[in-house]
K.L.:
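Structure below; questions to follow.
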Amino acid sequence: MQKKELLYEGKGKKLYATDDKELLISEFKDDLTAFNAQKKGNEKGKGELNCKISTQLFEILTKEGIKTHLIKTLDENSQLIKKVSIIPIEVVVRNIATGSLTKRLGIKEGTVLPFTLAEFYYKDDALGDPLINDEHCLILNAVKNRADLQKIRELGVKINDILKPFFAKRDLKLVDFKVEFGLDKDGNILLADEISPDSCRFWDAKTNEKLDKDRFRQGIGEVKVAYEEVLKRILKA
Ligand code: UDP
């Protein structure tokens with residue numbers, strides 16, 4: 001597989017073309033951003049950790065029947081992926097209230113939600129990724145129809161149903177996470193992007209210590225140590 005030109009550089013990854021027009025290379029970066037890129041940082045080795053964590057989680061989800069863009073890892077920090085057209089909706093799935101949910105609705109930090117909450121945010125940096133409802137998604141043409149919207153909501157919840165017990169067995173609370181989906185050339189919805197401590201919140205089950213990007217957002221420090229701990233627990237049999 002030949003790596004060709006850089007097609008796109010996002011906050012956390014670079015996408016390269018390959019000699020196969022249906023396949024891309026996704027390279028995980030060491031950069032960290034928060035608050036719509038107002039806070040910037042870099043943590044050497046973070047890209048490799050996220051690549052390994054995300055690959056493991058995508059492989060687990062594949063075994064459980066979730067279709068993803070991942071083909072295989074190529075090296076420490078890159079994956080060969082299927083080319084998809086990204087649906088511009090961030091699907092945020094929550095088990096415990098924190099972050100923007102507590103700020104927006106005044107729900108007490110740490111409240112265990114009575115059921116899995118799935119929310120949609122419009123992927124638009126200029127607008128600050130606003131929370132949107134089903135009708136907004138359709139008016140914005142972010143999805144073709146209600147059926148696709150329902151499908152990405154159900155996929156978000158199913159991913160949570162698989163990952164929440166997986167992490168619970170490893171003494172980690174999956175507090176919330178963000179996933180993105182894309183359409184392949186045949187219109188199939190595939191899980192895309194990444195699932196990593198950059199896009200999830202993990203709290204230690206015993207101490208509630210944060211083991212995710214909140215360490216960077218809140219300036220707690222030891223970001224890489226926390227990501228290494230998450231990988232170690234994922235690899236635990
Ligand atoms: N999230 C993300 N990218 C974003 C916004 C949120 O990966 O652009 C993740 C975030 O890491 C957390 C979940 O989505 O796991 C919910 O984030 P929230 O809405 O609470 O936003 P925040 O408090 O980060 O502003």
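Heads up: numbering here begins at 1 and tracks the sequence. First listed ligand is number 1; within each ligand, the first listed atom is number 1. Quantities reported herein were computed from a predicted structural model and do not represent experimental measurements.
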K.L.:
Does any part of the side chain of Leu191, heavy atoms only, come nearer than 4.5 Å to the side chain of Leu61, both counted from C-beta?
P.N.:
yes
K.L.:
Number the atoms of ligand 1 from 1 as they appear, then name those within less than 4.0 Å of a heavy atom of Tyr121, with their elements.
P.N.:
19 (O)
K.L.:
Decide whether an N or O pair under 3.5 Å exists between Arg94 and ligand 1.
P.N.:
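Yes, since at least one N or O of Arg94 sits under 3.5 Å from an N or O of ligand 1.
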K.L.:
Heavy-atom distance to atom 10 (C) of ligand 1: which of Arg217, Lys123, Arg104, Lys103 wins?
P.N.:
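Minimum heavy-atom distance to atom 10 (C) of ligand 1 goes to Arg217.
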K.L.:
Output yes when Lys82 and Glu22 qualify as a salt bridge under the 4.0 Å nitrogen-oxygen rule, no when they do not.
P.N.:
no
K.L.:
Does ligand 1 have a heavy atom under 4.0 Å from the side chain of Ala34, from its backbone, from both, or from neither?
P.N.:
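Within the 4.0 Å criterion, Ala34 makes no contact with ligand 1.
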K.L.:
Backbone, side chain, both or neither: what part of Asp176 comes under 4.0 angstrom of ligand 1, heavy atoms only?
P.N.:
both
K.L.:
Hey, are Asp176 and Asn95 close enough side-chain-wise for a donor-acceptor pair under 3.5 Å?
P.N.:
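The criterion, which ignores hydrogens and geometry beyond distance, is not satisfied for Asp176 and Asn95.
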K.L.:
Among all protein non-hydrogen atoms, which one is nearest to atom 14 (O) of ligand 1, and what is the separation to 0.1 Å?
P.N.:
Lys178 CB, 3.5 Å
K.L.:
Just checking, any donor-acceptor pair under 3.5 angstrom between side chains of Tyr227 and Glu229?
P.N.:
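Looking only at side-chain atoms, Glu229 and Tyr227 do not form any donor-acceptor pair under 3.5 Å.
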K.L.:
Heavy-atom contacts under 4.0 Å between Phe35 and ligand 1: side chain, backbone, both, or neither?
P.N.:
neither
K.L.:
Between Glu209 and Arg215, is there a side-chain N and carboxylate O pair less than 4.0 Å apart?
P.N.:
yes
K.L.:
With heavy atoms under 4.0 Å as the rule, classify the contact between Asp129 and ligand 1 as side chain, backbone, both or neither.
P.N.:
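Under 4.0 Å from ligand 1, Asp129 contributes side-chain atoms alone.
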K.L.:
Heavy-atom distance from atom 6 (C) of ligand 1 to the protein below 4.0 Å?
P.N.:
no
K.L.:
Identify, for atom 24 (O) of ligand 1, the protein heavy atom at the shortest distance, and state residue, atom and that distance.
P.N.:
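Ranking protein heavy atoms by distance from atom 24 (O) of ligand 1, first comes Arg201 NH2, 3.3 Å.
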K.L.:
Which protein non-hydrogen atom lies closest to atom 4 (C) of ligand 1, naming both residue and atom, and how far is it?
P.N.:
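The closest heavy atom on the protein side is Glu90 OE1, 3.5 Å.
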K.L.:
So Lys40 and Leu32, do their side chains get closer than 4.5 Å, heavy atoms only?
P.N.:
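They are not in contact (no side-chain heavy atoms under 4.5 Å apart), so the answer is no.
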K.L.:
Have Gln79 and Thr55 got a donor and an acceptor in their side chains that come within less than 3.5 Å?
P.N.:
yes
K.L.:
Return the residue, atom name and 0.1 Å-rounded distance of the protein heavy atom closest to atom 25 (O) of ligand 1.
P.N.:
Ser100 CB, 4.4 Å
K.L.:
Taking the side chain as C-beta and beyond, is there a heavy-atom pair between Leu131 and Tyr122 under 4.5 Å?
P.N.:
no
K.L.:
If you round to the nearest 0.5 Å, how far is CG of Asp161 from CZ of Phe166?
P.N.:
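Taking CZ in Phe166 and CG in Asp161, the distance rounds to 15.0 Å.
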K.L.:
Would you kindly specify which portion of Glu119 sits under 4.0 Å from ligand 1, judged on non-hydrogen atoms: side chain, backbone, both or neither?
P.N.:
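Contact part for Glu119 vs ligand 1: neither.
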K.L.:
Going by the order shown, which atoms of ligand 1 are within less than 4.0 Å of some heavy atom of Gly99?
P.N.:
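That gives atoms 20 (O), 23 (O) of ligand 1.
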